[in-house]
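See below for the structure under consideration.
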Amino acid sequence: MTTAATDTSLAELIKARCPGAVTGAAEFRGETTLTTTPENLHRLLSTLKTDPDLGFNYLADIAGADYPGRSKRFEVNYQVSSIPANRSVRVKVSVGEDEPLPTATNVWKTANWHEREIFDLFGVRFSGHPDLRRILCPDFWTGHPLRKDFPLDGEEVAFTHNQDSIKPQEAIWKKGLGKAEYALEQGAADVGEETTMVINMGPQHPSTHGVLRLVLQVDGETVLRTIPHIGYLHTGIEKTAENLTWQQAVVVTDRMDYLSPPTNNLAYALAVEKLMGIEVPERAQDIRVLIAELTRLASHLIALGTHAMEIGAMSVFFYCWRDRELILDIMDFLSGVRMMTSFINIGGVRADLPDGFHKKVQDFLDVFPASVDEYDGLLTNNRIWEKRTLGISVITPEEALDYGLSGPNIRGSGIKWDLRKDRPYLTYPKYSFDVPVGKTGDVYDRYLVRLEEMRQSREICVQALKQISPRGEFRTADRKISPPPKEELERNMEALIHHFLLYTRGFQPPEGEVYSAIESARGELGIYLVSDGSNKPYRMHVRAPSFVSLQILPALCEGGLVADVIAAIGSLDPVMGEVDR
Amino acid sequence: MNVTLDQLVGHGIILTSVEDVLQWGRKSAIWPMIFGLACCAIEMMGMVAPRFDVARFGAEVFRGTPRQSDLIIIAGRLSVKMAPVLRRLYEQMPEPKWVLAMGACASCGGVFNNYAIVQGADKVVPVDIYVPGCPPSPDAVIFGLMELQKKIQAQRPLSQPVA
């Protein structure tokens, strides 16, 4: 992590390299925020990327926010990183309702979907954007849901006293019936040529990892063009979180990346802790590492199982699920729930480890290496598997950076970028593990990276399990954040008051904004939080790794065969819950 | 043919109604559609996987097309954007067809009481069985499936309703 002192000099350097563009610089919790104006935005972003001394080659995220009271109500935040120098900076620009912002798509390709998302949810326009359409909300939608004056909506909960007076939710979905919303031609209007045809794939399709929809223009078996349509699982998680207290919002984060729910909890908890400046006991951090790595295993098992099944290796799916059930058993034993545990919480973890936990995890870790070897044996030198994956959907390192890929997808292209190593959080520096990277960046390499990551994750689990004592601290002792134990409640009036306040009102972090990212099973899972000092997040934005990585799909499929589309989707490992949020 | 009814039964012959046999066949070979929306879809896959093995109940033949399926398991939250698609898929299924709403979101919107989610899939398609849970464990879904089997067995498609 870069220190505050170097960051100040970084701000000075940027000011010198791009004179007149930076109107202000601020520091909060070790993050540098530079303010600029819409006129200077494009010049500043280009300089950040192209200046050899700056070299900010990676756009991690663009987050919007709405402040209705201000003269320029919207704020757009660009989270820019330099991978070689391992530093990052936030560029903030305020923009009015009818004022367009210059697009950043010609600086980083990854800006495309981020800008569409901000256009869709806030109504900020980007001039020069190649394809500024709605992305998450349907075409028949009106309004911009993340604006503060847009109601949360939904339906009132029915009790005996109000059940007759409840106004049912407006049936907006009926507007979509029979519309062009899912007609084949949509987005592929300039088909023209007689030899080509347009195929609609999804949103209900066995191999699209959920409700992804692709419109493919094909010439025989060759794919000429791919247009992804997302948003079929848009859940309004960000808006819902902004209407819950800081602690309650943990529960909705579970449902984003549903292949690895505890990692979402972890990302959110770390962001809130960074915002509040809380220290979590070391044992709790070790427990979090263990859970995060077990979750990574569970997630990679599904990624591998479904990927192999879609390519035709059905038995791998069954083997992977056999092992995943063992991990779900551990989660069940730990928290009482198989998937949506919400076990990682602000200030630590929710409860202490149950008796016999160590043995249960150890039993799993003992049998797991043989399982990985089994998948290895089934697939790695399998000639059919090689034919389907070798040299397919190659991502070059330059493309990977341009599209903002992260996790196994960027490492498959040979870029050694793992937030656990490069921007360490929790107690990861204590553990020794390797970061596997690929050579060519094809489907096969991404498969090998995931396979090796499973072995490395198991190593971390083994080390973490030895560190964790069966009993001890599992959350911070700060009573303003974590509830007092039951024994204290019975004897101590002050504890009772803390308990009451915590569960009725929650806590109030200081005003400010943070961006905190972790390495989830899919890559950089970032949470951008804005606090206005109240007991609810003013803005919660999620930088979802699958959302970003899915953008590269059209480039991967072009010129390939229809069957390779399936291989490409599987190798990117998207989770639609996280893509659409 | 001087054989009494008792003698027939004694030789392994069962007397039943055509309807009973028909419905017994239908309930024992349910073909669900591959239709995963969100988190619940993962537990639905878990139901097919080795430990829970829904093949024991004759419902393991998941079909990729609605035209070959007779059960749609709505596994997850139904967004406003997805609802017209679900309606169209349901209409594409041949009769007889059944719908199982899996989990809190498909049943009533769950924790997502907001602008993006339809508050219960039953506003879009008629639902036969609701399975609670967030997500329901695979055994809970299998229980829902068995309840559906009871419901199918009790249906009388050939009988004319008495006015």
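Values below: every heavy atom of this structure, side chains too, minus hydrogens, waters and symmetry copies. Lettering of chains follows the sequences in order, A, B, ..., and the numbering in each one begins at 1.
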So which atom in B/Ser79 and which in A/Tyr232 form the shortest heavy-atom distance, rounded to 0.1 Å? OG-O, 2.8 Å
In this structure, are over 12 heavy atoms from other groups packed under 6.0 Å from B/Lys123 atom NZ? yes
Could you walk me through whether A/Arg322 and B/Arg51 satisfy the side-chain contact (heavy atoms from CB on, under 4.5 Å) test, starting with their C-alpha distance in whole Å, then the side-chain angles of each, then the deciding distance to 0.1 Å, before giving a yes or no? CA-CA 7 Å; A/Arg322 173 197 63 191; B/Arg51 185 184 290 182; over 6 Å; no
Relative to chain A, which of B/Gly64, B/Pro50, B/Ala83, B/Ala49 shows the most heavy atom pairs under 4.5 Å? B/Pro50
Decide yes or no for B/Ile42 and A/Arg324: does some side-chain heavy atom of the first lie under 4.5 Å from some side-chain heavy atom of the second? yes
Under a plain distance cut-off of 3.5 Å, with no hydrogens placed, do B/Arg77 and A/Thr235 share a side-chain donor-acceptor pair? yes
May I ask you to check whether over 12 heavy atoms, not counting those of B/Leu158, lie within 6.0 Å of atom CG? yes
Taking heavy atoms only and a threshold strictly under 4.5 Å, list by residue number the residues of residues 305-321 of chain A that touch chain B; give 'none' if the list is empty. A/Thr306, A/Phe317, A/Phe318, A/Trp321
Counting C-beta onward and ignoring hydrogens, is there a side-chain heavy-atom pair between A/Cys137 and B/Lys81 closer than 4.5 Å? no
Step by step, would you call A/Leu233 with B/Met82 a side-chain contact (heavy atoms from CB on, under 4.5 Å)? CA-CA 7 Å; A/Leu233 194 56; B/Met82 192 66 190; over 6 Å; no
Take A/Arg255 and B/Cys134 through the test side-chain contact (heavy atoms from CB on, under 4.5 Å) and record every step on the way to the result. CA-CA 10 Å; A/Arg255 276 107 187 136; B/Cys134 190; 3.0 Å; yes
What part of A/Ile302 gets closer than 4.5 Å to chain B, counting heavy atoms only: side chain, backbone, both or neither? side chain
What option among B/Val111, B/Val124, B/Leu78, B/Leu89 has the most heavy-atom pairs under 4.5 Å with chain A? B/Val124
Considering only heavy atoms, which portion of A/Ile230 lies under 4.5 Å from any heavy atom of chain B: side chain, backbone, both, or neither? backbone
Those residues of residues 24-38 of chain B that come under 4.5 Å of chain A on a heavy-atom basis, listed by number, are B/Met33, B/Ile34, B/Phe35, B/Gly36, B/Leu37, B/Ala38
Identify the heavy atoms of B/Pro135 and A/Met340 that sit nearest to each other, and give their distance. CD-CG, 3.6 Å
Do other residues, nucleotides or ligands put more than 12 heavy atoms under 6.0 Å from the CZ atom of A/Phe333? yes
Using heavy-atom distances under 4.5 Å, tell me whether B/Phe52 contacts chain A through its side chain, its backbone, both, or neither. side chain
Counting only heavy atoms closer than 4.5 Å, note whether A/Met339 contacts chain B via side chain, backbone, both or neither. side chain
Any heavy-atom pair between the side chains of A/Thr240 and B/Asn114 that's under 4.5 Å? yes
Close side-chain approach of B/Val80 to A/Phe140, heavy-atom, < 4.5 Å: yes
Within the 4.5 Å heavy-atom criterion, are A/Gln204 and B/Ile72 side-chain neighbours or not? no
Quick check on the 6.0 Å ring-centre criterion: do A/His234 and B/Tyr115 meet it? yes
Should B/Val118 and A/Glu155 be marked as a side-chain contact (heavy atoms from CB on, under 4.5 Å) after you check the CA-CA gap, both sets of side-chain angles, and the distance that decides it? CA-CA 9 Å; B/Val118 177; A/Glu155 247 170 48; over 6 Å; no
